[in-house]
Amino acid sequence: MTDGSAVDINIDLDHPPEDRPAPSSGAKPWLVATGVTVLAAALGLTLTLRSGSTPACAAGRTLAAAPPTGNATHSGKATFYDSKGAGGNCSNPAAPANRLYVALGPAEYSAGAACGGFLDVVGPKGTVRVLIMDQCPECEPGHLDLSREAFARIADPVQGLVPVTYRAVVNPPLPGPLTFRIKEGASQWWFAVRVGNHGNPLRSVEVRQGDSGPWQSAARQDYNYWLIASGAGPGPFNLRISDVYGNRVTAGGIRMAPGQVQNSTTRMYAPGAGAATRRPSASTRPPNNRPAVTPTPTRRPVEVAKASAPATAEPTTTSARANARWCEG
């Protein structure tokens, strides 16, 4: 991304001073001194720009990356694509049966932190509730890439690109108790689990061997598995699950059964529960050292219909808690 106000300072740093033409003998001392001063200042600025340090506003934007949560209403735009039945970058076994899902850009997908949450999206023709199950690498904050079926609920697909507003759904109705899937290749020496049916974005997953012993914190991966690289034992396991709104439950009897979806009897929260009064801070991004045996699911190419007219405005947000803002004063 370029900034029209940026200044491109070109200083020849590839040749030693002796290779450069010497100043004429008639140069005035004050001109030489002024030139040295300007060169030193420019050189210092160039070295600063090339040092790799992150500008304050850019660092702030990186820290602001987080999934949509709470009661904030956001404005943006929507397109559509088809996952071809696949479960997206969130490693879902398949697309939901109702085919109502959405892919978010990297900032709002937030390295998998958004997976499993829901959004209510309002477009020109109506409202639709969609499951967050995929990442749209080319989408900026505010750009929702809906399933074809979800887009048709809010706009005429011929339009292809429409302005929308959207907000997170807090404690949506759950399809059932929590489910757990231990990843292929897992053993007592390497543990990875995917949690399903949690409704809200998750904040943490902790694991312990049996009914005693210390809890081990698992690290969220951007493909929506929770990893303990050194393993958690042979099982069975207790898992303690917390979401971003303070709901926390413990499910037991999870077996070391790689590749199998295990159904529990534990629900993340009671039906009809309101938002929790305490809202924990967003989870930090997990490390990127993914084991070689765990490939990242590849998202299929976006299939976007040609737009008859562009969206009328750039994505904005109406909440003071908006995500990914640039250099607020």
Side-chain angles (χ1 to χ4, degrees), residues 66-74 78 80 83 85-104 108-110 112-123 125-134 144-154 164-181 193-205 220 224 226 239-252 254 261-280 282-283 319:
T69 55
N71 296 317
T73 298
H74 308 271
F80 64 88
S83 78
N89 215 73
C90 291
S91 299
N92 290 22
N98 63 10
R99 303 278 300 172
L100 302 179
Y101 53 86
V102 63
L104 301 182
E108 291 179 299
Y109 182 78
S110 191
C115 287
F118 289 82
L119 299 179
D120 280 341
V121 184
V122 181
K125 204 171 78 172
T127 303
V128 65
R129 179 166 294 182
V130 289
L131 170 70
I132 301 170
M133 76 159 206
D134 211 349
L144 308 181
D145 207 15
L146 299 168
S147 67
R148 185 182 298 270
E149 292 81 358
F151 189 94
R153 297 277 188 97
I154 64 164
V164 296
T165 60
Y166 61 99
R167 64 189 301 175
V169 183
V170 180
N171 289 353
L174 297 171
L178 292 170
T179 64
F180 301 92
R181 185 182 189 276
V193 63
R194 180 189 174 278
V195 184
N197 290 351
H198 46 82
N200 300 312
L202 294 183
R203 180 172 180 264
S204 67
V205 172
R220 187 200 332 261
N224 196 32
W226 294 82
L239 273 72
R240 187 161 64 187
I241 317 298
S242 301
D243 68 23
V244 296
Y245 302 117
N247 299 305
R248 186 170 77 170
V249 297
T250 300
I254 308 304
V261 175
Q262 300 181 53
N263 299 311
S264 74
T265 59
T266 304
R267 288 180 176 265
M268 194 68 215
Y269 44 81
T277 56
R278 181 179 62 84
R279 183 181 173 188
S283 301
S319 168

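- Heavy-atom minimum distance, Gly116 versus His198: CA-CE1, 3.6 Å.
- Under the 4.5 Å side-chain criterion, counting only non-hydrogen atoms from C-beta, Val205 is in contact with Leu239.
- Note: Glu149 CD to Tyr101 OH = 6.0 Å, rounded to the nearest 0.5 Å.
- Side-chain atoms of Tyr269 come within 3.5 Å of backbone N or O of Pro172 as a donor-acceptor pair.
- Rounded to the nearest 0.5 angstrom, Leu178 CG and Gln262 CD are separated by 12.5 Å.
- When atom types are taken as modelled, the side chain of Tyr245 and the backbone of Gly70 share a donor-acceptor pair closer than 3.5 angstrom.
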Inset, instruction - In sequence, state the C-alpha distance, the side-chain angles, and the governing distance for Asn197 and Arg267, and then conclude on side chain to side chain donor-acceptor pair (under 3.5 Å). - result: CA-CA 8 Å; Asn197 290 351; Arg267 288 180 176 265; over 6 Å; no

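- When all heavy atoms of Met133 and Ala86 are compared, the pair lying nearest together is CE-O, 3.2 Å.
- How far NE2 of His74 is from CG of Leu144: 10.0 Å, rounded to the nearest 0.5 Å.
- In this structure the side chain of Val121 never reaches within 4.5 angstrom of the side chain of Val102, judged on heavy atoms.
- Shown here for Tyr166 and Pro68, the closest heavy-atom pair between the two residues is CE1-CG, 4.1 Å.
- Atom SG in Cys115 sits 8.5 Å away from atom CG in Asp134 (nearest 0.5 Å).
- No salt bridge links Arg203 with Asp243; every basic N to acidic carboxylate O contact stays at or beyond 4.0 Å.
- Side-chain contact between Phe180 and Val195 is present, with heavy atoms from C-beta onward closer than 4.5 Å.
- Taking both residues in full, the closest heavy atoms of Val130 and Ala150 are given as CG1-CB, 3.6 Å, listed atom of the first, atom of the second, then distance.
- By the 4.5 Å heavy-atom criterion applied to side chains, Leu146 and Val164 are not counted as neighbours.
- In this structure, Pro201 and Gly117 approach most closely via the heavy-atom pair CD-CA, 4.2 Å.
- Formation of a donor-acceptor pair under 3.5 Å by the Asn224 side chain with backbone atoms of Cys90 is found in this model.
- Remark: side-chain polar atoms of Arg194 are not paired, donor with acceptor, to backbone N or O of Arg181 under 3.5 angstrom.
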Inset, instruction - Apply the test side-chain contact (heavy atoms from CB on, under 4.5 Å) to residues Thr73 and Val122: give CA-CA distance (whole Å), side-chain angles for both, the deciding distance (0.1 Å), then the verdict. - result: CA-CA 10 Å; Thr73 298; Val122 181; over 6 Å; no

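- Listed here is the closest heavy atom pair of Ala72 and Arg167: O-CB, 3.3 Å.
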Inset, instruction - Start with the C-alpha gap between Thr250 and Thr266, add the side-chain angles, then the distance that decides, and say whether side-chain contact (heavy atoms from CB on, under 4.5 Å) holds. - result: CA-CA 8 Å; Thr250 300; Thr266 304; over 6 Å; no

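- Rounding to the nearest 0.5 angstrom, the gap separating the CG atom in Asn89 from the CG atom in Leu104 is 11.0 Å.
- A donor-acceptor pair under 3.5 Å is absent between the side-chain atoms of Asn200 and the main chain of Val170, judged by distance alone.
- From Asp120, atom CG reaches atom OG1 of Thr165 across 9.5 Å, with rounding to the nearest 0.5 Å.
- Around the CZ atom of Arg153, the shell of radius 6.0 Å holds no more than 12 heavy atoms that belong to other residues, nucleotides or ligands.
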